[in-house]
Amino acid sequence: QVQLVESGGGLVQAGSSLRLSCVASGRLFSGRSLGWFRQASGKEREFVATIGWAAGSINVADSVEGRFTISRDNHNNRLFLQMNNLQPEDTADYYCAAKKGYYGSARIDDYDWWGQGTRVTVSS
């Protein structure tokens with residue numbers, strides 16, 4: 001069964017760090033590109049970061065550039081999002097997603113599989 005499960009969210013103060021993880025089923029992870037998206041209350045889902053299968057294709061949204069880092073561990077089928085210097089505007093539900101193909105994408109419609117999300121709340 002295809003499955004993506006996120007973890008690592010929580011309530012933190014502004015300036016803090018969190019590391020999100022996403023575990024994927026093996027056949028979903030292998031050869032797939034992955035991404036992180038987020039959705040704040042009352043807003044549309046938006047792109048955060050993406051990484052290709054070989055980890056050479058990385059793209060990060062301007063809003064988190066320099067603060068968030070995406071990485072993947074292909075041996076253990078895990079995707080990570082290291083989030084530093086969190087700000088209240090980063091408050092959202094964070095979702096990992098997988099798509100076919102070796103190259104990542106910032107387009108939501110390109111992704112075929114989604115996790116259930118993990119909530120990040122940043123207080124000022």
Side-chain angles (χ1 to χ4, degrees):
Q1 182 176 354
V2 171
Q3 195 172 19
L4 294 167
V5 180
E6 303 95 336
S7 63
L11 171 62
V12 297
Q13 292 185 331
S16 300
S17 298
L18 281 175
R19 190 190 197 203
L20 304 184
S21 297
C22 176
V23 178
S25 60
R27 68 183 183 93
L28 175 61
F29 201 87
S30 180
R32 312 293 190 195
S33 297
L34 304 169
W36 286 102
F37 294 79
R38 67 186 182 185
Q39 188 166 16
S41 179
K43 295 186 177 181
E44 295 186 350
R45 192 168 297 189
E46 65 176 6
F47 166 72
V48 176
T50 185
I51 186 167
W53 163 243
S57 169
I58 291 176
N59 187 21
V60 180
D62 290 343
S63 59
V64 303
E65 180 80 44
R67 300 188 297 123
F68 290 14
T69 303
I70 188 171
S71 62
R72 64 189 292 167
D73 178 353
N74 289 344
H75 181 69
N76 293 302
N77 295 345
R78 287 183 178 271
L79 173 71
F80 302 101
L81 184 69
Q82 178 66 43
M83 306 186 296
N84 297 328
N85 190 24
L86 283 160
Q87 300 300 312
E89 54 265 34
D90 296 317
T91 295
D93 292 324
Y94 284 72
Y95 299 88
C96 71
K99 62 178 289 293
K100 300 173 184 177
Y102 280 11
Y103 299 101
S105 172
R107 297 179 67 245
I108 292 174
D109 291 345
D110 285 345
Y111 288 81
D112 303 290
W113 300 277
W114 292 84
Q116 294 300 307
T118 184
R119 179 155 294 177
V120 173
T121 304
V122 185
S123 63
S124 59

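Predicted model, so just to flag it, every value in this text is computed and none were measured. When reading the values below, keep in mind they use all heavy atoms of this one structure, side chains included, and skip hydrogens, waters and symmetry mates.
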Students often mix this up, so state it plainly: with edges at 30° and 60°, are the rings of Y95 and W114 parallel, tilted or perpendicular?
perpendicular
Residue Q116 excluded, over 12 heavy atoms near CD under 6.0 Å:
no
Flag if over 12 foreign heavy atoms under 6.0 Å of CD, E65:
yes
Separation of M83 CE from Y94 OH (nearest 0.5 Å):
5.5 Å
Considering non-hydrogen atoms only, spot the tightest contact between A40 and A92 and give its length.
N-CB, 3.7 Å
Closest approach of G104 to S57 (non-hydrogen atoms, all atoms of both residues):
N-OG, 3.7 Å
Point-to-point distance, once rounded to the nearest 0.5 Å, from CG of L34 to CG of L4:
7.5 Å
Test of understanding: with side-chain contact (heavy atoms from CB on, under 4.5 Å), list the residues that count as partners of R19, not counting sequence neighbours.
F80, Q82
In this structure, CD of E46 is separated from CD1 of I108 (nearest 0.5 Å) by 8.5 Å
With F47 via ring-ring contact (aromatic ring centres under 6.0 Å, His included) - residues at least two apart:
F37
Sub-4.5 Å side-chain heavy-atom contact between T118 and S7
no
Between the main-chain N or O of S33 and the side-chain N or O of R72, is there a donor-acceptor pair closer than 3.5 Å?
no
Over all heavy atoms of both residues, which pair between S25 and N77 is shortest? Give the atoms and the distance, please.
C-ND2, 4.2 Å
Ion pair K99/D112, N-O distance below 4.0 Å
no
Are T50 and Y111 side-chain neighbours, meaning at least one heavy-atom pair lies under 4.5 Å?
yes
Side chain to side chain donor-acceptor pair (under 3.5 Å) partner of Q87, the single match among D90, T91, N85:
N85
If I compare all heavy atoms of L79 with all of G35, which pair ends up nearest, and what's the gap?
CD2-O, 3.9 Å
Measure across R107 and S105 and return the closest heavy-atom pair with its distance rounded to 0.1 Å.
N-OG, 3.0 Å
Distance (rounded to the nearest 0.5 Å) between L81 CG and S71 OG:
8.5 Å
Quick check: does any side chain N or O of E6 sit under 3.5 Å from a backbone N or O of C96, one acting as donor and the other as acceptor?
yes
Would you check, one step at a time, whether the test side-chain contact (heavy atoms from CB on, under 4.5 Å) holds for L20 with R38?
CA-CA 12 Å; L20 304 184; R38 67 186 182 185; over 6 Å; no
Got a second to check how far L18's CG is from N84's CG, nearest 0.5 Å?
9.5 Å
Would you check if N74 and W53 make a side-chain contact, meaning some heavy-atom pair closer than 4.5 Å?
yes
Determine whether V5 and V48 fall in the same hydrophobic cluster, where Ile, Leu, Val, Met, Phe, Trp and Tyr are linked whenever their side-chain heavy atoms lie under 4.5 Å apart.
no
